[in-house]
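Convention: sequence-line order gives letters A, B, ...; per-chain numbering from 1.
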Amino acid sequence: MNEIYDHKATESRWQDAWRKLHVFEVDAISNKPKYYILEMFPYPSGTIHMGHVRNYTMGDAMARYKAARGFNVMHPMGWDAFGLPAENAAIKHKTHPAKWTYSNIAYMKRQFERMGWLFDWRREAATCAPDYYRWEQLFFIQMLEKGLAYRKLSSVNWCNSCNTVLANEQVEEGKCWRCENDVTTKELTQWFYKVTAYAEELLAGCDKLPGWDERVTTMQRHWIGKSEGAELLFEVADGPKKGVKIPVFTTRPDTVGGVSFLSLAPEHALTLELARGANIEARVAAFVDKVRKIDKIKRSAENFEKEGVALGAHVLNPVTGEKVPVFAANFVLMDYGSGAVMAVPAHDVRDHAFAKKYGLPIKQVIAPLLESGAELPRPVSEAAYTEPGRLVNSGEFTGLTSEDAKRKIPQWLEKKGAGHPTVNYKLRDWGISRQRYWGTPIPIIHCEKCGPVPVPKHELPVVLPEDVEFTGEGASPLSKSAVFVNVPCPKCGALGRRDTDTMDTFVESSWYYLRFCSLPTPDKPFRPEDVAYWGPIDQYIGGIEHATMHLLYFRFFHRVLQDLGWIPAGVAREPATNLLNQGIVYKDGAKMSKSKGNVVDPDSIIERFGADTARLFILFAAPPEKVIEWSDQGVEGSYRFIGRVWRMLQGNISLIQDVKPYAGQQSALNHAEAKKLRTKTHQTIQKVTNDLDHDFRFNTAISAIMELVNEIYSFKVELNDQTGREVLRESIETVVRLLCPFAPHVTEELWRLLGHDSLLTLEKWRDHDAQAVLLDVITIVVQVNGKHRANLTISKDVPKDEIAAMASKDPHVVAHLKDKELVRTVVVPGRLVNFVVK
RNA sequence: GCCGGGGUGGCGGAAUUGGUAGACGCACAGGACUUAAAAUCCUGGGCCUGGAAACGGGCGUAUGAGUUCGAUUCUCAUCCUCGGCACCA
């Protein structure tokens, strides 16, 4: 008997076996149902961290389970290999980003193997390979042709530390998502992907994703930010721009009667125009200049002091015909709606503050609909009343409810050509240009005569040049490669200049799941028939931090590629059916991070306790979507459990090695202890199966197996008890089988010690025996007035009406029923009896 | 401010969706084995309380109400907490 389990030798031996047998290599031909499981691929930073351990252990456990359940499981892996850290490392170590990246990939791939994670490595892809990004360049050109990619000068988010532009999604609380540097704004000409073209569809799709974490769909709904309202036209009444109509967007067209001024964004094209020639022109110009100098991020903070300046001009209220002044105001955003807002101080908090500050009229047009007895809100002269209500002081619309007026006023204006109902979104187009080297080159040549010209498709890929120096200074590193930059215009042949920006790395991760569907295909990004077979992803797993970044982009890209014809029309419109967002790994109350110095290195855990221990701990410590607080003692507990399972088999091997697992009927067992153990065994199968089928409750699945192990420890059997030994063997084999997805190495070894020649990883799952899970003796809870007073152990066959009679005889119950009047008896079959007394 | 989660022992967490609250694990305590320790195996435990013990009694799932024979679970209010968005007109 071998008391000590040698995790090091055992784990590497089985990893070798799995590799040699290519166990997780699958093809798109099978009579089994397909199951595409994918974890968000990692950035090859150098070594794996605990977040990876959690993410990929969950994926691996699911993949192993689903394969055992008879699915044709595709579980691929690759590398999100472009990005800034490679460039920074290049600057620091005087090496090339590619060299750094590929050596990291090699190391991390070994770590993946050491964790026992099984993938179909034939499908591996690194996004920094020209064979990968060339397709992205083609998609770019096709999107350009369809108007889904375009270039514009705009004010963009800029990170001074990363020296590059950031998408809106990459700015978190005014800071860079990567380096946490304060983000500033810059005016730059950039390439954009037109996500807004899909705004409505992406929003509607959120309702059709029942398999997604609701936190994510909620965040995406908010991010898309749909507002229904109206566009109203205010005509300029005086000055040089008399007659020009200024559109404003409002969600409250019912309040239009209360407009007492119009506010324009300082950047609005009309702001300076309207003031032209008036004696206040200089003041307005100074104000605009001042506001522009303040960073947009700071300016858009809610508590930023509201300021404005009158432009001298007036506009006509399209409903009342009233003449109201126009202001420039620092809180009006140029990039939402039309950059102009109708101000209704009586019913909007910001307008109210502004009107108070500048002494502008506050006209009430909405009166609260008060239920009797309700308190009157403060008068509008003191505070804005922002709730809906009934219209007052609104001419022919007086008396309508807000709800009716919101519909009727835009309709009425539409007939007069002064407005119409409309919808606005907060979602902005995705700025994809990055002023960095280590990314996909944007396949464009700028020509003085022809403008931006796409690189002809047959010339793709535009490969990243090698002769680039990494200094960390100045503009795009690519601009320093003369060979790269100076090329003839594909249209006119004159000397042009390549675009020296690269694409946001989120573009690569927007379609890698499609690439994985095919084995490497030199002439295509992927084969449509493979995508038709494997798509969509059945189970996607990754961190919630991507809720409004990657998870939004890849929903967009999936639709674009389907509309471009790359994805067959029959494939679902959503890329992933189910999404699990694993929680973060914490230590000492904070997310593990190098800067906080609270990182636990997975290698050290593998070394000391083995991969199975690491896997078991990370799955057992908390439900998948919750934060895990790292606990060294918890890890030791998982380690102990593996040892306990090992000894359980070692200690019983002489009793079970020459018998088969019990294969008879449950009813044929007459030994009470054996019967009990077998019931527990099959209940455990049922419980674990159920936990894995519903939301992957790994933690409770593992605790159920622990219970079974405890039960086996207390089961005693004699050598001459053949049936008892068979039941014991069945139980022990069950533990090994059920534990395999979580702790595959030790269970593979135990399977071999049980005398099997097969790989446990390739063995089928077991179904529970429906007869065995039924208890023939059940415990009924007996309550008096809802208080637990006794337990009644009876045969499951006792008829309902006899149960109460039996329960009432229990001495404890008798004591509580004494001298009381029995009002009612509640009997829940199989569960409880409750005597209600007075 | 708005939206969405969530408050259960010393800790991580269970509880078949209304039916024995605290499974399983950690930590702790006691015992066995050992010259000893480690490891291992066994036992114990929500809190208060009566009893030498066997065995009872009361209170308990953030707080307060409500529905119900019965509430961690449903309803309302309050407090706290985490996450997201945030001058979006």
Next item on the list: State, with a plain yes or no, whether a side-chain heavy atom of A:Trp430 is found less than 4.5 Å away from one of A:Tyr553.
Entry: yes
Base [N] paired with [X] side chain (donor-acceptor, <3.5 Å):
| X | N | result |
| --- | --- | --- |
| A:Lys306 | B:C87 | yes |
| A:Gln633 | B:G25 | no |
| A:Arg831 | B:U16 | yes |

Notebook entry, point to check: Is the phosphate of B:C24, meaning OP1 or OP2, less than 4.0 Å from a side-chain N or O of A:Arg644?
Noted result: no
Check: Looking at A:Arg350, does any N or O in its side chain come under 4.0 Å of the phosphate oxygens OP1/OP2 on B:C88?
Finding: yes
Check: Between B:G4, B:U20, B:A89, which nucleotide gets closest to the side-chain atoms of A:Thr251?
Finding: B:A89
Notebook entry, point to check: Just by protein heavy atoms under 4.0 Å, how would nucleotides 5-14 of chain B read 5' to 3' in B, S and -?
Noted result: -------SSS
Check: In residues 325-336 of chain A, what residues come within less than 4.0 Å of RNA chain B, judged by heavy atoms?
Finding: A:Phe331, A:Val332, A:Leu333, A:Tyr336
Next item on the list: Rounded to whole angstrom, note down the C1' distance from B:U73 over to B:U61.
Entry: 10 Å
Next item on the list: With RNA chain B as reference, determine whether A:Ile544 or A:His788 sits nearer its 5' end, using the nearest nucleotide of each.
Entry: A:His788
Next item on the list: Map A:Arg428 and A:Val828 onto RNA chain B by nearest heavy atom, then report which one ends up closer to the 5' terminus.
Entry: A:Val828
